[in-house]
Amino acid sequence: MKVAVVGATGLVGTKMLEVLAERNFPVTELIPVASEKSVGKQVAFKGKNYTIVSMDQAIAMKPAVALFSAGGTTSLEHATKFAAAGITVIDNSSAWRMHPDKKLVVPEINGQELTQQDKIIANPNCSTIQLVMVLNPLHKKYGIKRVVVSTYQSVTGTGVKAVTQLMNERSGIVGEMAYKYAIDMNAIPQIDVFTENGYTKEEMKMVNETKKIIGDDTIKVTATTVRIPVMGGHSESVNIEFEKPFDLNAIRQLLSETDGVVVQDNLADQLYPMPKTAHEKDEVFVGRIRRDESHENALNLWVVADNLRKGAATNAVQIAEYLLAQKLIA
């Protein structure tokens, strides 16, 4: 199977190559795509070097699937061209997520919605993916009325420039800034630009994408997203109000049985999810599971996942795996 990776030299694109190799996705020919300045350079994949090509060259090579991680503007311009050539696009940008005709997919939750006609499939926002992985089984059993989520997000979510800024600051080097403010020893309560309602685009992504993936517009969601100086993954403090009463042990059991979710919740051993322990793992980790004593039928959780893996690259590859297993690509 020919597989294109668009944005192959970026943080997520590089991680996509790693995940494709790790999961032994049946790549017979890799087609790495990047910006014009990178065309002709090479990337390594499973012990072989592949030459980076342009968008038009990639389309002419007829891959079965193209994993896009090159930003929304690039995706809006080129994804439709790939799709028109019969290539299935799995896009990691925000470009298509809320488009009424495009599926927004976390395979464990709504992969069954995909059909052979879906040629542009949206990969959700990283902070949304780990949230809905935990919310979905709880919603099915107890009915979620309202979610209040605060995120503590890794600089890797911004990209290489932000990682460089953090490491420069820790080394006392003055360099290019990804953020308006220093990120080391700081917390910046702004991810993406502000919208008219005072929320950031990142916060509104979490609100809107959660409802679309779970398939229930009645769930009320409010979010505050914060960038912190870590690199292992995103963390989320989640408060959930249910329609039905619940038992804490039943909650733990349900989440333990959920595919892709790992419960780390042992107070005696001070076991709980952290970015350091979630780093380079594909699962979503949940802990600090406790009743909200201020509100009837409400629960507090702490959710952590590697934002470059399940939050981006792994989820995209899992979508491709699902399409292949269902014979929706070949």
Side-chain angles (χ1 to χ4, degrees), residues 98 104 106 108-110 124-153 187 189 191 195 197-200 202-226 228 233-275 277-278 283-305 310-311:
M98 295 311 298
L104 182 64
V106 176
E108 296 94 332
I109 298 174
N110 61 345
N125 184 45
C126 48
S127 49
T128 305
I129 290 175
Q130 67 188 72
L131 178 66
V132 296
M133 284 287 291
V134 172
L135 293 185
N136 189 62
L138 297 176
H139 181 55
K140 285 182 176 178
K141 184 163 185 178
Y142 300 105
I144 294 175
K145 294 173 66 176
R146 183 171 186 254
V147 178
V148 181
V149 55
S150 297
T151 73
Y152 307 79
Q153 294 183 221
I191 298 179
T195 61
N197 64 0
Y199 288 77
T200 65
E202 180 83 357
E203 289 158 354
M204 294 313 300
K205 286 174 191 174
M206 294 191 75
V207 172
N208 296 323
E209 292 178 24
T210 296
K211 296 178 181 183
K212 183 172 180 178
I213 296 164
I214 293 178
D216 191 339
D217 285 335
T218 67
I219 300 173
K220 292 179 171 62
V221 183
T222 187
T224 301
T225 57
V226 182
I228 62 170
H234 292 348
S235 305
E236 297 174 352
S237 172
V238 188
N239 180 271
I240 309 166
E241 180 187 348
F242 294 114
E243 294 174 357
K244 301 174 185 176
F246 62 89
D247 175 78
L248 279 178
N249 288 328
I251 293 276
R252 291 189 181 95
Q253 184 68 26
L254 176 61
L255 292 174
S256 296
E257 295 170 353
T258 299
D259 185 30
V261 174
V262 174
V263 174
Q264 294 181 330
D265 192 43
N266 187 326
L267 301 187
D269 293 333
Q270 297 180 30
L271 177 66
Y272 32 69
M274 295 182 293
T277 50
E283 297 84 4
V284 174
F285 299 88
V286 58
R288 295 298 316 279
I289 301 168
R290 62 207 188 277
R291 191 175 294 277
D292 178 353
E293 296 186 348
S294 73
H295 198 292
E296 188 179 10
N297 293 342
L299 180 75
N300 287 308
L301 302 169
W302 178 252
V303 182
V304 182
K310 184 55 181 173

Sub-4.5 Å side-chain heavy-atom contact between Leu255 and Leu138:
yes

Please tell me if the side chains of Ile213 and Pro124 come closer than 4.5 Å, counting only heavy atoms from C-beta onward.
yes

How long is the span from the OG atom in Ser127 to the CE atom in Met206, to the nearest 0.5 Å?
4.0 Å

With heavy-atom distances below 4.5 Å as the criterion, would you say the side chains of Ser235 and Pro273 are in contact?
no

Looking at CG of Asn208 and CG of Asp217, how far apart are the two atoms once the value is rounded to the nearest 0.5 Å?
9.0 Å

Sorted by chain and number, sequence neighbours left out, ring-ring contact (aromatic ring centres under 6.0 Å, His included) with Tyr199 holds for none

Show the atom names and distances, to 0.1 Å, of all donor-acceptor pairs under 3.5 Å that link a side chain in residues 144-151 to residues at least two apart or in another chain.
| residue | atom | partner | partner atom | Å |
| --- | --- | --- | --- | --- |
| Lys145 | NZ | Glu241 | OE2 | 3.3 |
| Thr151 | OG1 | Gln153 | OE1 | 2.7 |
| Thr151 | OG1 | Val226 | N | 3.3 |

Between OG1 of Thr210 and CG of Asp216, what distance do you get to the nearest 0.5 Å?
11.5 Å

Out of curiosity, Leu135 CG to Lys140 NZ, how far, rounded to the nearest 0.5 Å?
12.5 Å

Lys205/Thr225 under side-chain contact (heavy atoms from CB on, under 4.5 Å): CA gap, chis, key distance, verdict:
CA-CA 11 Å; Lys205 286 174 191 174; Thr225 57; over 6 Å; no

At their closest point, which heavy atom of Arg291 faces which heavy atom of Asn300, and how far apart are they?
O-ND2, 4.4 Å

What pairs with Arg252 under salt bridge (Lys or Arg N to Asp or Glu O under 4.0 Å), at least two apart in sequence or on another chain?
Asp265

Between atom CD of Glu203 and atom CG of Asn125, what is the distance when rounded to the nearest 0.5 Å?
11.0 Å

Write down the atom of Ala278, the atom of Val304, and the distance for their closest heavy-atom approach.
CB-CG1, 3.7 Å

Kindly check if the number of other-residue, nucleotide or ligand heavy atoms within 6.0 Å of CD (Glu257) is above 12?
yes

Quick one: do Val134 and Val238 satisfy side-chain contact (heavy atoms from CB on, under 4.5 Å)? Show the steps, please.
CA-CA 10 Å; Val134 172; Val238 188; over 6 Å; no

Apply side-chain contact (heavy atoms from CB on, under 4.5 Å) to Tyr142 and Ile251, showing your working.
CA-CA 10 Å; Tyr142 300 105; Ile251 293 276; 3.5 Å; yes

Output, in order, the C-alpha distance, side-chain angles, deciding distance and verdict of side-chain contact (heavy atoms from CB on, under 4.5 Å) for Leu248 and Leu299.
CA-CA 9 Å; Leu248 279 178; Leu299 180 75; 3.5 Å; yes

Is the shortest heavy-atom distance from the side chain of Gln130 to the side chain of Lys310 under 4.5 Å?
no

What distance separates Met98 CE from Leu104 CG, expressed to the nearest 0.5 Å?
7.0 Å

